[in-house]
Enquirer: 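Just passing along the structure, written as structure tokens.
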Amino acid sequence: MTSKQYHHGDLKASLITAANVILSRDGADALSLRAIAAEAGVSHMAPYAHFKNKKELIKSIAEAGFVEMAETMEAVAADLKATKRVTSADLVLAYGASYLEFATRNPELYRLMLGQVETTGRKSKKESIAAPQTQSESTLQVSVTPLFSENTQRPFVLLKEAFALNGDQAEAKALGAWSMVHGMAALMIEGHIQRPKGISFKRFLVATIPFSKQLK
């Protein structure tokens with residue numbers, strides 16, 4: 001990517017793309033405003049037009065990650081709805097499989113999104129992972145706008161809406177499902193469990209989650 005490959009209005013998106021390249025290739029410790037400027041092929045001062053400091057950069061990367069995850073989940077649901085009349089269980093499984101695929105395909109980004117790493121390494125044991133909105137605010141320690149909160153909640157909202165199709169207690173059920181899929185994603189990323197070759201994420205979920213019989 002060079003400075004000639006984006007229009008002025010696309011600079012922020014280009015910088016976030018460059019940041020994700022660095023994150024995937026070199027890890028969170030390599031992220032800096034100067035590094036993403038170099039990766040994007042722009043002046044080292046250019047990032048300051050959109051990010052006041054490194055924490056603002058991290059916030060934007062995390063937010064973009066949640067948006068991308070939600071858009072991936074929505075695309076999967078749209079494909080499913082195009083072929084059949086979907087039930088709550090269909091959507092829950094589709095979203096869960098999409099979540100696992102996204103997390104394992106983007107492990108460094110996923111860790112950053114869920115607040116599992118700081119830019120100086122893994123979080124201290126004193127810091128806990130809470131619900132999506134809470135962890136985003138406490139971990140990043142930057143001003144949180146309504147749009148940021150909305151964007152980082154999008155995957156969870158989709159899951160809650162899927163459960164709502166099948167009755168009450170949608171939020172509680174969504175929190176439980178989110179926790180289980182998050183734990184599974186983390187274990188897969190760290191190499192503690194592996195998905196058998198030739199088995200889709202959806203089939204893997206059906207075979208492993210406690211309430212699989214209800215979702216078949």
Side-chain angles (χ1 to χ4, degrees), residues 10 12-17 19-20 23-24 28 50-51 55-82 86-117 128-186 188-189 201-202 205 209 215:
D10 298 328
K12 183 176 181 179
S14 298
L15 292 171
I16 292 176
T17 297
N20 275 300
L23 183 63
S24 177
H50 295 285
F51 311 114
K55 288 187 177 184
E56 287 287 342
L57 166 65
I58 299 300
K59 186 189 90 167
S60 294
I61 297 171
E63 182 179 6
F66 278 108
V67 170
E68 183 181 354
M69 175 186 278
E71 290 176 346
T72 301
M73 293 168 66
E74 289 170 340
V76 168
D79 289 342
L80 191 62
K81 291 175 182 178
V86 298
T87 64
S88 173
D90 291 330
L91 285 176
V92 170
L93 274 176
Y95 288 153
S98 178
Y99 186 102
L100 283 178
E101 184 174 2
F102 182 90
T104 54
R105 189 176 68 247
N106 306 282
E108 293 295 335
L109 174 59
Y110 181 72
R111 291 188 182 107
L112 187 147
M113 288 164 55
L114 272 291
Q116 292 178 292
V117 294
S128 61
I129 303 298
Q133 181 173 343
T134 303
Q135 68 81 23
S136 297
E137 294 175 356
S138 62
T139 299
L140 298 172
Q141 297 179 347
V142 292
S143 58
V144 176
T145 65
L147 180 59
F148 175 82
S149 296
E150 179 182 341
N151 283 336
T152 57
Q153 287 284 296
R154 279 178 63 183
F156 178 75
V157 169
L158 287 172
L159 188 59
K160 184 169 66 174
E161 290 174 347
F163 275 108
L165 294 175
N166 198 33
D168 58 2
Q169 297 184 319
E171 184 164 0
K173 292 175 182 177
L175 282 171
W178 179 287
S179 299
M180 283 186 287
V181 178
H182 165 60
M184 186 177 291
M188 293 177 77
I189 287 173
F201 282 105
K202 184 179 291 187
L205 271 177
I209 55 180
L215 295 178

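The structure displayed is predicted, hence computed values, not measured ones.
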Enquirer: Determine whether Leu147 and Glu63 make a side-chain contact, defined as any pair of heavy atoms from C-beta on separated by less than 4.5 Å.
Expert: yes

Enquirer: So how far is it from Met69 CE to Tyr99 OH, rounded to the nearest 0.5 Å?
Expert: 5.0 Å

Enquirer: With a 4.5 Å cut-off on side-chain heavy atoms, are Phe66 and Glu150 touching?
Expert: no

Enquirer: At their closest point, which heavy atom of Trp178 faces which heavy atom of Leu159, and how far apart are they?
Expert: N-CD2, 3.9 Å

Enquirer: Can you tell me how far apart CG (Leu80) and OG (Ser98) are? Round to the nearest 0.5 Å.
Expert: 11.5 Å

Enquirer: Run the side-chain contact (heavy atoms from CB on, under 4.5 Å) check on Ile16 and Phe51 step by step: do they pass?
Expert: CA-CA 11 Å; Ile16 292 176; Phe51 311 114; 4.1 Å; yes

Enquirer: How many angstroms lie between CG in Leu175 and NZ in Lys173, if you round to the nearest 0.5 Å?
Expert: 12.5 Å

Enquirer: Counting C-beta onward and ignoring hydrogens, is there a side-chain heavy-atom pair between Leu91 and Lys81 closer than 4.5 Å?
Expert: yes

Enquirer: Looking at CD of Glu101 and CG of Asn106, how far apart are the two atoms once the value is rounded to the nearest 0.5 Å?
Expert: 9.5 Å

Enquirer: I need the minimum non-hydrogen distance between Leu109 and Leu23, along with the two atoms involved.
Expert: CA-CD2, 3.5 Å

Enquirer: Would you confirm whether Ser24, through its side chain, and Asn20, through its main-chain N or O, come within 3.5 Å as a donor-acceptor pair?
Expert: no

Enquirer: Please walk me through it: do Val92 and Phe163 pass side-chain contact (heavy atoms from CB on, under 4.5 Å)?
Expert: CA-CA 7 Å; Val92 170; Phe163 275 108; 3.8 Å; yes

Enquirer: What heavy-atom pair brings Ala70 and Leu158 nearest, and what distance separates the two atoms?
Expert: O-CD1, 3.7 Å

Enquirer: Look at the aromatic rings of His182 and Tyr110 and report parallel, tilted or perpendicular, splitting at 30° and 60°.
Expert: tilted

Enquirer: Out of curiosity, Ser60 OG to Asn151 CG, how far, rounded to the nearest 0.5 Å?
Expert: 10.5 Å

Enquirer: With the side chain counted from C-beta on, respond yes when Met73 and Phe102 share a heavy-atom pair under 4.5 Å apart, and no when they do not.
Expert: no

Enquirer: Is a donor from one side chain sitting under 3.5 angstrom from an acceptor on the other, for Asp90 and Thr87?
Expert: yes

Enquirer: Give the minimum heavy-atom separation between Arg154 and Val67, together with the two atoms involved.
Expert: NH1-CG1, 3.7 Å

Enquirer: Provide the closest heavy-atom pair for Ile189 versus Ala103 in the form atom of the first, atom of the second, distance.
Expert: CD1-O, 3.5 Å

Enquirer: Could you grab the distance from atom OH of Tyr95 to atom NZ of Lys202, nearest 0.5 Å is fine?
Expert: 11.5 Å

Enquirer: Minimum heavy-atom separation for Gly96 to Leu205, with atom names?
Expert: C-CD1, 3.4 Å

